[in-house]
Amino acid sequence: MNEHPDFLWRSPEPRRSYEVVVVGAGGHGLATAYYLAREHGITDVAVLEKGWLAGGNITRNTTVIRSNYLWDESAAIYEHALKLWEGLEDELGYDLLFSQRGVLNLAHTLQDVRESVRRVGANRLNGIDAEWLDPEQVGELCPILSVSPEARYPVLGATFQPRGGIARHENVAWGYARAADALGVDLIQGCEVTGIDVQDGRAVGVQTSLGRIAAGSVALVAAGHSSLLAGMVGLELPVQSHPLQALVSELYEQVLDTVVMSNAVHVYVSQAHKGELVMGAGIDSYNSYAQRGSLHVIEHQLAAAIELFPIFAQAKVLRTWGGIVDVCPDASPIVGLTPVERLYLNCGWGTGGFKATPASGSTFAWTVAHDEPHQLNRPFSLDRFAGGALIDEHGAAAVAH
Ligand SMILES: Cc1cc2nc3c(=O)[nH]c(=O)nc-3n(C[C@H](O)[C@H](O)[C@H](O)COP(=O)(O)OP(=O)(O)OC[C@H]3O[C@@H](n4cnc5c(N)ncnc54)[C@H](O)[C@@H]3O)c2cc1C
């Protein structure tokens with residue numbers, strides 16, 4: 001597939017003009033470029049990245065994949081993503097370490113239980129695998145999790161999605177990058193977009209740190225920096241950028257066979273293939289463009305983890321890091337057209353966009369290719385904030401992923 005077996009992708013000089021310029025070589029930007037080439041035959045594409053390929057959230061996330069969102073619109077796009085994940089290693093010809101080990105979402109209060117049972121019902125109506133487990137069943141599935149009624153936040157039950165799981169995030173980025181490159185897409189690193197050229201209401205190119213590049217269409221896929229890019233054409237987005245942190249422990253023998261998440265105590269844990277315990281937390285509450293967060297969030301996260309998993313008390317933290325997540329008021333993304341012709345926007349995936357990468361990329365590529373919304377991303381248009389048709393996924397998406 002790849003003509004350059006020693007390299008995952010080429011490093012070409014940018015040409016002065018492309019049919020489509022994608023801004024941001026994260027997971028969603030790379031997937032967009034890949035599907036433009038693969039599904040629409042549009043190979044005259046450049047992906048412009050200000051830093052290094054996959055240096056943003058795509059390789060900073062905790063890799064949880066699931067589709068058990070509440071509303072029909074979200075269920076449809078996240079389930080489409082999960083179905084694509086199920087064939088993605090074969091499609092890209094690359095090992096993504098995709099592991100469908102199941103995802104537990106714990107309920108600790110009666111309100112949690114009501115919300116979770118409702119979500120299981122909604123998921124089933126949408127054909128998504130979802131189960132409600134009582135504390136005993138949760139304990140059987142995850143024996144190291146404390147389900148004692150004496151716990152400070154006792155586990156009252158959990159939703160379980162067996163087809164959920166994890167994948168190795170850098171492999172996902174590299175898999176898409178390699179496949180897009182092989183189809184002729186130019187991946188340009190160290191190329192910051194500093195301006196967007198608009199003529200007669202239409203996007204016609206971008207200003208970059210490597211000079212001007214003309215474009216038939218411009219697709220912004222810049223996660224936490226989306227507001228800055230949209231601001232270049234005077235577009236104000238309803239997006240807040242926050243730090244979101246995660247950490248890994250030293251390597252341990254396999255002790256955790258599934259993904260465990262708790263919105264109430266603000267921690268979620270899985271064990272990576274190598275053996276690290278991978279732990280995510282809630283967002284840092286202030287706005288920031290720094291890819292790091294505050295220590296008190298990590299302390300809170302570890303206290304919560306030990307509460308749920310007493311055997312983690314002796315585990316050692318190896319590394320912590322942060323990313324910048326782009327959060328919309330309804331915890332749902334923005335994907336589609338903008339008031340500027342041929343300028344497209346894909347952002348607002350917030351704390352949970354990794355799982356959506358294949359569906360985000362494929363439906364957004366469709367939108368760019370056809371200059372109209374795809375049926376799965378139509379509900380996530382920017383103008384829902386003017387019309388009021390919000391898709392409130394705070395229960396399914398907020399802190400947890
Ligand atoms: C700690 C953490 C844990 C998470 N856990 C999960 C999880 O378990 N499951 C899940 O589904 N999601 C999770 N997420 C969310 C997920 O990572 C993001 O929603 C998703 O990765 C965002 O899309 P992306 O990969 O394209 O973003 P990014 O990888 O951030 O890509 C955007 C790119 O745009 C580039 N860029 C920005 N401005 C410019 C410019 N002016 N010019 C050129 N390039 C520019 C950036 O450098 C960056 O590389 C997590 C996020 C974090 C930070």
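Along the sequence shown, the residues carry numbers beginning at 1.
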Is the number of heavy atoms from other residues, nucleotides or ligands under 6.0 Å of Trp366 CH2 greater than 12? yes

For a 4.5 angstrom cut-off between non-hydrogen side-chain atoms, does Arg178 reach Tyr94? yes

Would you say Cys347 and Asp326 make side-chain contact, with heavy atoms under 4.5 Å? yes

Do Ser294 and Asp284 get their side chains close enough for a donor-acceptor pair, meaning under 3.5 Å? yes

Heavy atoms, side chains only, cut-off 4.5 Å: are Ser362 and Tyr34 in contact? no

Keeping the roles fixed (side chain from Asn123, backbone from Tyr69), state whether a donor-acceptor pair exists under 3.5 Å. yes

Kindly indicate whether a cation-pi arrangement holds for Arg124 with Trp132, taking the cut-offs as under 6.0 Å to the six-membered ring centre and within 45° of the axis. no

Side chains of Val172 and Phe354: closer than 4.5 Å at any heavy-atom pair? yes

No-hydrogen, no-angle side-chain donor-acceptor test under 3.5 Å, Ser67 and Glu79: yes

Any side-chain heavy atom of Lys316 sitting closer than 4.5 Å to one from Ser249? no

Gln189 side chain reached by Lys50 side chain, heavy atoms, under 4.5 Å: no

Would you find more than 12 non-hydrogen atoms of other residues, nucleotides or ligands less than 6.0 Å from Arg384 atom CZ? yes

Met261 and Val64, any side-chain heavy atoms less than 4.5 Å apart: yes

Between the side chains of Thr63 and Asn61, does any donor sit under 3.5 Å from an acceptor? no

In a table with atom names and distances, give each donor-acceptor pair under 3.5 Å that connects a side chain of residues 18-30 to protein atoms at least two apart or in another chain.
| residue | atom | partner | partner atom | Å |
| --- | --- | --- | --- | --- |
| Tyr18 | OH | Arg15 | N | 3.0 |
| Tyr18 | OH | Asp186 | OD2 | 2.7 |
| His28 | ND1 | Trp349 | NE1 | 3.4 |
| His28 | ND1 | Ser360 | OG | 2.7 |
| His28 | NE2 | Gly353 | O | 2.8 |

Side-chain ion pair, Arg101 and Asp257, N-O less than 4.0 Å: no

Taking atom OH of Tyr153 as the centre, report whether more than 12 heavy atoms of other residues, nucleotides or ligands fall under 6.0 Å from it. no

Within 6.0 angstrom of Gln254 CD, more than 12 heavy atoms from elsewhere: yes

State yes or no: are the ring centers of Tyr252 and Phe312 separated by less than 6.0 Å? no

Is it the case that Thr62 and Tyr268 place a side-chain donor and acceptor less than 3.5 Å from each other? yes

Start with the C-alpha gap between Asp72 and Asn126, add the side-chain angles, then the distance that decides, and say whether side chain to side chain donor-acceptor pair (under 3.5 Å) holds. CA-CA 7 Å; Asp72 294 352; Asn126 276 314; 3.0 Å; yes

His394 side chain vs Pro329 backbone, donor-acceptor pair below 3.5 Å: yes

Tell me which donor-acceptor pairs under 3.5 Å the side chains of residues 220-229 have, and how far apart each pair is, sequence neighbours excluded?
| residue | atom | partner | partner atom | Å |
| --- | --- | --- | --- | --- |
| Ser226 | OG | Ala223 | N | 3.3 |
| Ser226 | OG | Ala223 | O | 2.7 |

Please identify each residue that fulfils side chain to side chain contact (heavy atoms under 4.5 Å, CB included) with Leu337, with sequence neighbours left out. Tyr344, Thr367, Asp371, Pro373

Test item: side-chain donor near acceptor, Thr59 and Glu170, under 3.5 Å: no

Is it the case that more than 12 heavy atoms not belonging to Arg292 sit under 6.0 Å from its CZ atom? no

Pairing of Arg152 and Glu307 as salt bridge, 4.0 angstrom limit: yes

Tell me which one of Glu86, Gln161, Arg163 satisfies side chain to side chain donor-acceptor pair (under 3.5 Å) with Gln100. Glu86

